[in-house]
Amino acid sequence: MTPVVRASHPEPAVAVTLAATGLAAGLGQTAWGSVAVAAAVLAGQLSVGWLNDLVDVARDARVGRTDKPVALGQISVSLIRTLVLISALAAVGLSFLSGPLAGLAHVVALVSAWAYDLRLKATVFSFAPYAVSFGLLTAFVTLGLPSPYWPPWWLVATASLLGCAAHFANALPDLVDDRETGVVGLPHRVGPTGSRVAAALLVLGASAALVAGLPTALGFIALGLAVIVTAIGLVLGSRPRSRATFHAMLVVAVLDAAVLVAR
C-alpha cells in the first residue's frame, strides 16, 4: 500500500463508501445514481482522511507514530495539502450529481467531518461530528433517489449510533499519544474501559434501532451477528495499539447495510 493511500485512512473510507453505495442500490437508486453516490462518498472520505493526517503531522511526529506517512516524511506536506483541496472540491461537486437537497445534506456532513479534524476532536463534543455526518449520509442517499424522501428515524439513528461507536473504537489505540499532544476528546475523558463499553453499547444500540425499523428475521440475525462481531473485536482490541475493535465496528456497519439491501 502506497504512503498516499495509507494517509487516506483507507479502511474506513472503503467501508463507508461500500455501505452508502449498497444502501443506495438497495433502496432503488439507478446504476448511474449509485456510481455518483460512490464517487461523492469516496472523495469525501479521502478528504477527511488526508486532512486528519495533515492537521496532525506535528503531533504524530512528536510521539513517533510509525503508521503516519506524512509525519514520517514519506509524503510532503504540500502534496497532502493539495490532495485535501482536490478531494474536497471533488466531493462537493460530485455530491450535487444526486440533486440539490441530497448534495446539501452531504456537504453539511462533510463540513461536520472536517470540523472534527480541525478542532472538535480535541473537545468533549468529539462524538458530535460522527453522529451528524453518519446520520446525514443516510439523508444524502434517500434524498438522491428517483423518488426522494427524508430517511426514517430508525435509519438515521442506526447510522449515527454506528458512527459514534466507531469514534470510541478508533480512539482506543491512541489515547496515550493523543493526550501527550493535547488531543483530549470524549474517549480520552472516559478512558479505555469507558470507551470500550461505550463502543459496545452504541453498536448494539445501532443494531437494535435497525431491528426496530425492520422487525424481520434478517434484522434479528444482524443483531446477533453484531453481538458476536463486537465481542470478538473487544477481546482482540484489548491488545496494545490494536485496531480490532474499530475494524469490528466497520464490519457491523457493512453487515447492517447488507441487511437493508437484502430487505
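In this text the structure is predicted, and so the values were computed from the model without any measurement.
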- Name all residues meeting the ring pair (Phe, Tyr, Trp, His ring centres under 6.0 Å) criterion together with Tyr116; count only those two or more places apart in sequence or in a different chain, and write none if there are none. Tyr130, His167

- Listed by chain and number, what are the ring pair (Phe, Tyr, Trp, His ring centres under 6.0 Å) partners of Phe140, not counting sequence neighbours? His106

Between [X] and [Y], what is the shortest heavy-atom contact and its length?
X	Y	result
Ala40	Ala91	O-CB, 4.0 Å
Ser98	Val37	OG-CG2, 4.1 Å
Ser126	Pro187	OG-CD, 3.5 Å
Leu175	Gly191	CD1-C, 4.1 Å
Ala157	Ala209	CB-CB, 4.2 Å

Honestly curious: do [X] and [Y] fall in one hydrophobic cluster under the side-chain, below-4.5 Å linking rule?
X	Y	answer
Leu143	Val108	yes
Ile86	Leu97	no
Leu94	Trp32	no

Taking only residues two or more places apart in sequence or in another chain, which ones pass side-chain hydrogen bond (donor to acceptor under 3.5 Å, both in side chains) with [X]?
X	value
Thr142	none
Thr138	none
Ser147	none
Ser112	Ser133

- Is there a donor-acceptor pair closer than 3.5 Å between any side-chain N or O of Ser207 and the backbone N or O of Leu204? no

- Task: Return yes if some donor-acceptor pair links the side-chain N/O of Gln29 with the main-chain N/O of Val141 below 3.5 Å, else return no.
- Result: no

- Give every residue pair that meets the side chain to side chain donor-acceptor pair (under 3.5 Å) criterion with at least one member in residues 181-195, sequence neighbours excluded. Asp178-His188

Nearest 0.5 Å, what's the [atom1]-[atom2] distance between [X] and [Y]?
X	Y	atom1	atom2	answer
Leu162	Leu137	CG	CG	11.5 Å
Leu104	Ser95	CG	OG	10.0 Å
Ser34	Leu145	OG	CG	9.0 Å
Lys68	Asn52	NZ	CG	5.0 Å

- Query: Linking Ile, Leu, Val, Met, Phe, Trp and Tyr by side-chain heavy atoms under 4.5 Å, what else ends up with Val190?
  - Reply: Val124, Phe125, Phe127, Leu161, Phe168, Leu186, Leu202

- Item | Other ILVMFWY residues reachable from Leu46 by side-chain steps of under 4.5 Å | Val4, Leu42, Val48, Trp50, Leu51, Leu54, Val55, Val57, Val70, Ile75, Val77, Leu79, Ile80, Leu83, Val84, Val92, Phe96, Val107, Leu110, Val111, Trp114, Leu118

- Query: Got a sec, which residues hit salt bridge (Lys or Arg N to Asp or Glu O under 4.0 Å) with Arg6, two or more places apart in sequence or on another chain?
  - Reply: none

- side chain to side chain contact (heavy atoms under 4.5 Å, CB included) involving Ala131 - partner list, sequence neighbours excluded: Ser160, Cys164

- Decide, yes or no, whether a salt bridge links Asp56 with Lys121 under the criterion of side-chain N to carboxylate O below 4.0 Å. yes

Anything under 3.5 Å between a donor and an acceptor, one on a side chain of residues 17-28, the other on a protein residue two or more places apart or in another chain? List them.
from: Thr17; atom 1: OG1; to: Ala13; atom 2: O; distance (Å): 2.7
from: Thr21; atom 1: OG1; to: Thr17; atom 2: O; distance (Å): 2.7

- Task: For the residue pair Trp154 and Leu210, establish whether any side-chain heavy-atom pair is separated by less than 4.5 Å.
- Result: yes

